[in-house]
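First listed ligand is number 1; within each ligand, the first listed atom is number 1.
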Amino acid sequence: MVNKMSIKDVIIIDLPKILDERGNLSFIEEENHIPFKIERIYWIYDVPGGQVRGGHAFKEQQELIVALSGSFDVLVDDGKVQKTFSLNRSYYGLFVPAGFWREMQNFSTNSLAMVLSSTHYDADDYIHSYREFLTYNKNYDK
Ligand code: TYD
């Protein structure tokens with residue numbers, strides 16, 4: 001049986017912050033603060049109130065989600081347990097391993113969501129339906 005990750009493996013990483021009277025600074029180094037090599041960075045912005053983004057799972061992609069500005073919630077689901085993480089500081093990164101359903105919601109005005117991804121964009125890596133995700137999970141556990 002493959003040792004599949006559980007919701008406990010989804011963690012908020014406290015990124016370094018250099019406090020300075022001139023303004024604060026944070027940074028991320030691949031394979032140092034996050035356990036994967038960064039192949040892609042994308043960001044989500046100008047989200048109208050009430051909209052939900054990212055309702056899907058990835059088979060391979062690992063990611064780190066950062067609220068660079070403003071705030072939003074990330075709902076993560078391992079097929080059994082759901083957990084909601086509120087991101088509201090630019091020095092918090094939510095690490096989501098592959099194989100989790102996740103949705104981003106409750107975006108504040110002018111929020112900016114940055115996603116560091118372990119893979120290039122690949123439409124085939126997406127699981128778009130929750131039902132399909134549950135089946136995928138079940139087969140994975142065999
Ligand atoms: P998608 O990941 O489906 O966003 P959401 O789940 O929030 O709706 O991406 C939306 C569109 O953008 C989709 O047509 C694919 C495209 N896209 C890229 O071309 N490259 C990327 O890196 C990403 C993340 C999306």
Side-chain angles (χ1 to χ4, degrees), residues 1-20 23-142:
M1 181 175 131
V2 182
N3 191 11
K4 189 180 182 303
M5 297 217 160
S6 83
I7 205 90
K8 289 193 198 107
D9 301 302
V10 180
I11 50 165
I12 293 210
I13 296 175
D14 212 353
L15 297 164
K17 48 179 185 291
I18 314 290
L19 302 180
D20 192 307
N24 302 332
L25 181 153
S26 285
F27 59 96
I28 302 169
E29 292 172 355
E30 63 182 10
E31 296 182 307
N32 188 1
H33 305 108
I34 53 173
F36 60 84
K37 277 192 83 67
I38 300 162
E39 294 243 327
R40 177 170 49 121
I41 303 173
Y42 63 92
W43 49 99
I44 297 170
Y45 51 96
D46 291 347
V47 179
Q51 290 293 336
V52 176
R53 300 285 324 222
H56 47 68
F58 295 111
K59 297 174 208 161
E60 296 290 334
Q61 179 185 309
Q62 307 171 58
E63 60 189 5
L64 187 86
I65 305 174
V66 183
L68 279 187
S69 173
S71 63
F72 52 86
D73 296 335
V74 186
L75 178 150
V76 185
D77 183 329
D78 66 2
K80 295 187 180 109
V81 181
Q82 281 197 353
K83 205 167 163 185
T84 299
F85 296 86
S86 290
L87 297 180
N88 54 11
R89 294 280 182 267
S90 58
Y91 51 82
Y92 287 153
L94 180 68
F95 172 61
V96 186
F100 289 85
W101 186 264
R102 61 104 165 127
E103 293 177 17
M104 301 159 76
Q105 57 202 17
N106 295 330
F107 287 88
S108 69
T109 305
N110 288 331
S111 56
L112 172 57
M114 177 181 71
V115 183
L116 309 185
S117 164
S118 67
T119 65
H120 285 183
Y121 174 70
D122 175 8
D124 292 337
D125 194 42
Y126 282 64
I127 302 172
H128 285 291
S129 104
Y130 188 73
R131 190 183 282 256
E132 196 191 325
F133 166 67
L134 292 179
T135 308
Y136 176 83
N137 251 351
K138 239 186 242 162
N139 292 333
Y140 204 106
D141 281 344
K142 277 189 186 138

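- Ligand 1 has no N or O atom lying under 3.5 Å from any N or O atom of Tyr121, backbone or side chain.
- A 6.0 Å sphere centred on CD of Glu60 holds no more than 12 heavy atoms belonging to other residues, nucleotides or ligands.
- What you find for Gly93 and Val66 is that their closest heavy atoms are CA-CG2, 4.0 Å.
- For the pair Phe36 and Ser117, the tightest heavy-atom approach, listed with the atom from each and the gap, is CE1-C, 3.8 Å.
- Counting only heavy atoms, the protein gets under 4.0 Å from atom 6 (O) of ligand 1.
- Distances from atom 12 (O) of ligand 1 to the protein include no heavy-atom value under 4.0 Å.
- Closest approach of Ser26 and Pro16 over heavy atoms only: OG-O, 2.8 Å.
- Not a single N or O atom of His128, backbone or side chain, sits closer than 3.5 Å to an N or O atom of ligand 1.
- Those atoms of ligand 1 with a heavy atom of Tyr42 less than 4.0 angstrom away are 24 (C).
- Between Tyr136 and Phe133, the distance separating the two ring centers is not shorter than 6.0 angstrom.
- Side-chain contact between Val96 and Phe58 is absent, with no heavy atoms from C-beta onward closer than 4.5 Å.
- Note that atom 23 (C) of ligand 1 has protein non-hydrogen atoms nearby, at separations under 4.0 angstrom.
- The protein non-hydrogen atom at the shortest distance from atom 3 (O) of ligand 1 is Tyr126 CE2, 3.8 Å.
- Residues Asp77 and Tyr130 have side chains that bring a donor and an acceptor to within less than 3.5 angstrom of each other.
- The contact set between ligand 1 and His56, taken as ligand atoms under 4.0 Å from a residue heavy atom, comprises 2 (O), 6 (O).
- Less than 4.0 angstrom separates some heavy atom of Arg40 from each of these atoms of ligand 1: 21 (C), 22 (O), 23 (C), 24 (C).
- Checked by distance only, ligand 1 and Arg53 come closer than 3.5 Å through their nitrogen or oxygen atoms.
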